[in-house]
Amino acid sequence: METGNREARPEGAGKDFIRNIIDADNASGRFNKRVHTRFPPEPNGYLHIGHAKSICLNFGLAREYNGKCNLRFDDTNPLKESTEYVDSIKTDVRWLGFDWEDREFFSSDYFEKLYLLAEELIKMGKAYVDSLSADEIREYRGTLTAPGKNSPYRERSVEENLDLFRRMKAGEFAEGAHVLRAKIDMAAPNVVMRDPTLYRIRHAEHHRSGGKWRIYPMYDFTHCISDSLEGITHSLCTLEFENNRELYDWVLETLNLYRPQQTEFARLNITRTVLSKRKLIQLVMEKHVNGWDDPRLPTLSGMRRRGYTPEAIREFCARIGIARADSTVEYGMLDFCVREHLNRVAPRLMAVLDPVKVVIENYPAGQTEWFEMPLNPEDESQGCRKTPFSREIWIERDDFMENPPAKFFRLAPGREVRLRYAYYITCKDVKHDEAGNITEIICAYDPESRGGGTPDGRKVKGTLHWVAANEAVALEARLYEHLFDKDDPEDVPAGQTFLDSINPNSLRVVKAFGEPAVAGYGPGSRLQFERLGYFCADPDGTPENPVFNRTVGLKDSWGKIAAKTE
RNA sequence: UGGGCUAUCGUUCAAUUGGCAGGACAACGGAUUCUGACUCCGUUAAUCUUGGUUCGAGUCCAGGUAGCCCAGCCA
């Protein structure tokens, strides 16, 4: 699959700053014209649309420059990581359409090398074992504006440090008793450089190395060395790691290792969307949603279930671009990308969400005729479907008004409209119950209009979708809205939590009726119910009782016209 | 009274590196339409601020302003 990268880039437009950097590196020969990136998630949760930006960037760059991209699990904190997350990440990256071939790595695979390198640092006098408590270390670090001070253990001899570190590794000490720190500068203006912690003691089971290790390396020590070992050229990460770049370079320079170039870019923000891993974990763990693949979530697995396509997500990532300025993309941009793709590929079917009965009084009772209609009017290659028609049909309640305002094009007393691909009908009468609710609309059809046109060529303003009342299958439609109401759910008013910004209507389930053919669409397949929007068949459904998740609706100007006429 | 980074239409990304500020999304108007969808055409709309250099500044220089990140034994 080779779609999704840069096809949205308009002609003549400039490249983003990262591609400019790569071009410059290729021109200078810095990496021998090699491009080797990596996508390095920590397996402590499921991937979300924010990760997709990084995945498309890293894998896309490799594709464009004939390079390679590794998948590396940054698993140095055994407390948070699990194989469930590893598996889900692999599934999601593949689903997005990217392939890391045989380059699947784990930081934990480097634990041995990392340990040796740490000893190296100790021997060089560039690292020491500190026995201060976590609280004391924080105090000694100073503040953002005041320099820190040296730990009393900072001048331990190389021999003592080596001995202590080896015993840390052997598991002789309790968690928190010691840490290994780099010896840099406690007065450094960049707080990251004030003798950063390199190793901590953790008596925990690691999802891969099990109980083998008692000490685990920190991100700052691990990531740069992993990049170096793998021959990465361009190490791309998000803006919050800007301050860590100095340490990234320090470690590799001090150890005299090959040095990739770390470059930071702004992470993805989307209006009304929570992309904080911490909060997503909370939503799942506290069961505010039904698991990581709940279609209301911006996780890749949730979006997949809701019916978003990998093509659409890749297109989205290409369109939003890459920059260093913090930004928040409008959700409408994502919706646009989904509609654009689904419009091309999704077969059309008809369904009615809120049915009202139409009786065609001059159509023979008991008769059923089958109409053939295209699965996609803009793509004949998709073929046709057959749909039954009968005397009693259902139409959408919204498609009829007893007292229509101006510019209402659909059914109303005395008015003629077209039933899509079937007949012209004219409203003759309306029946109500005691409460005044419409129970039945009586119509007459024009037999001459079979197929949706007439010999006299007269026009109608409206075309309705419909399903035959006796032949239609019952189905369940789940109408998902974005889970969050607030423009920026990260920024909630005082006294509230982000949970307060959840839209209580984010999930509505309605019983609906659709063409018999819907039962033929298996889980994951997308289709468009005419005039209702794009839906995805959910694995929860069965052929007898299909369930459809709404991906996105269609644009509809009816609401605007109504507002205007008021 | 620290360090690092950022600032262009409502949103987002560009601007051949000093030479007419452009695209996409959104909004608005129109055409078309057997989905009020799609498609097509058009319109609105931006260089944070104050100076300076220059024939010419979004771009270079100086000073402001605003926002983001950093004081985990998280990543």
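Below, chain A is the first sequence line, B the second, and so on; all start at residue 1.
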Practice prompt. Can you label the angle between the A/Phe39 ring and the A/His51 ring as parallel, tilted or perpendicular, going by 30° and 60°?
Written response: perpendicular

Worksheet item: Relative to each other, are the rings of A/Phe106 and A/Phe73 parallel, tilted or perpendicular (30° and 60° limits)?
Response: parallel

May I ask which nucleotide in the shown strands pairs with [N], Watson-Crick or G-U wobble, both distances under 3.5 Å?
N	result
B/U65	B/A7
B/G36	none
B/A45	none
B/C55	B/G19
B/C74	none

Starting from [atom2] on [N], measure out to [atom1] on [X] and report it in whole angstrom.
X	N	atom1	atom2	result
A/Gln382	B/C38	CD	C1'	14 Å
A/Arg344	B/U39	CZ	C1'	14 Å
A/Phe535	B/U35	CZ	C1'	14 Å
A/Arg324	B/C13	CZ	C1'	16 Å
A/Ile320	B/G23	CD1	P	21 Å
A/Lys555	B/U33	NZ	C1'	16 Å
A/Leu247	B/G3	CG	C1'	15 Å
A/Asp16	B/A14	CG	P	6 Å

Under 4.0 Å, counting only non-hydrogen atoms across every strand here, what does [X] touch: a base, just sugar-phosphate, or nothing?
X	answer
A/Phe409	base
A/Phe371	nothing
A/Gly453	base
A/Arg420	base
A/Arg348	base
A/Glu246	nothing

Discussion item. Does A/Arg410 contact B/G36 through a side-chain donor or acceptor facing the base, at a distance under 3.5 Å?
Written reply: yes

Fill in: Side-chain-base donor-acceptor pair under 3.5 Å for A/Glu378 and B/U39
no

Measure from the side-chain N and O atoms of [X] to the backbone N and O of [Y], and report whether any donor-acceptor pair falls under 3.5 Å.
X	Y	answer
A/Arg156	A/Asn161	no
A/Asn376	A/Glu378	yes
A/Glu515	A/Thr387	no

Worksheet item: Are a donor atom and an acceptor atom from the side chains of A/Ser235 and A/Arg38 found within less than 3.5 Å of each other?
Response: yes

Mind checking the [atom1] distance from [N] to [M]? Whole angstroms is fine.
N	M	atom1	answer
B/C55	B/A14	C1'	27 Å
B/U16	B/A7	P	15 Å
B/U53	B/U43	C1'	39 Å
B/G10	B/A45	P	10 Å
B/A27	B/A21	P	28 Å

Fill in: Test applied, ring pair (Phe, Tyr, Trp, His ring centres under 6.0 Å); reference residue, A/Phe389; option that passes from A/Trp466, A/Trp370, A/Tyr421
A/Trp466

Practice prompt. Could you check A/Phe111, A/Tyr115, A/Tyr199 and say which one makes a ring pair (Phe, Tyr, Trp, His ring centres under 6.0 Å) with A/Tyr216?
Written response: A/Phe111

Worksheet item: With syn defined as a glycosidic torsion within 90 degrees of 0 and anti otherwise, which applies to B/G64?
Response: anti

Worksheet item: For B/U17, does the glycosidic angle fall within 90° of 0 (syn) or outside that (anti)?
Response: syn

Discussion item. Looking at A/Thr145, I'd like to know whether one of its side-chain N or O atoms comes within less than 4.0 Å of OP1 or OP2 on B/G3.
Written reply: no

Worksheet entry | Aromatic A/Phe400 / basic A/Arg410 pairing, under 6.0 angstrom, 45° off normal | no

Worksheet item: So which nucleotide from B/A26, B/C13, B/G36 ends up closest to the side chain of A/Ala323?
Response: B/C13

Worksheet entry | For the student: nearest non-hydrogen atoms of A/Arg154 and A/Asp185, plus distance | NH2-N, 3.8 Å

Worksheet item: Want to settle it: does A/Ser449 or A/Ala146 sit nearer the 5' end of RNA chain B, counting the closest nucleotide to each?
Response: A/Ala146

Worksheet, complete the sentence: Closest to the 5' end of RNA chain B, once A/Thr328 and A/Leu532 are matched to their nearest nucleotides, is A/Thr328

Worksheet item: Can you give one letter per nucleotide of nucleotides 69-75 of chain B, 5' to 3': B if a protein heavy atom sits under 4.0 Å from the base, S if only from the sugar-phosphate, - if neither?
Response: BBBSBSB

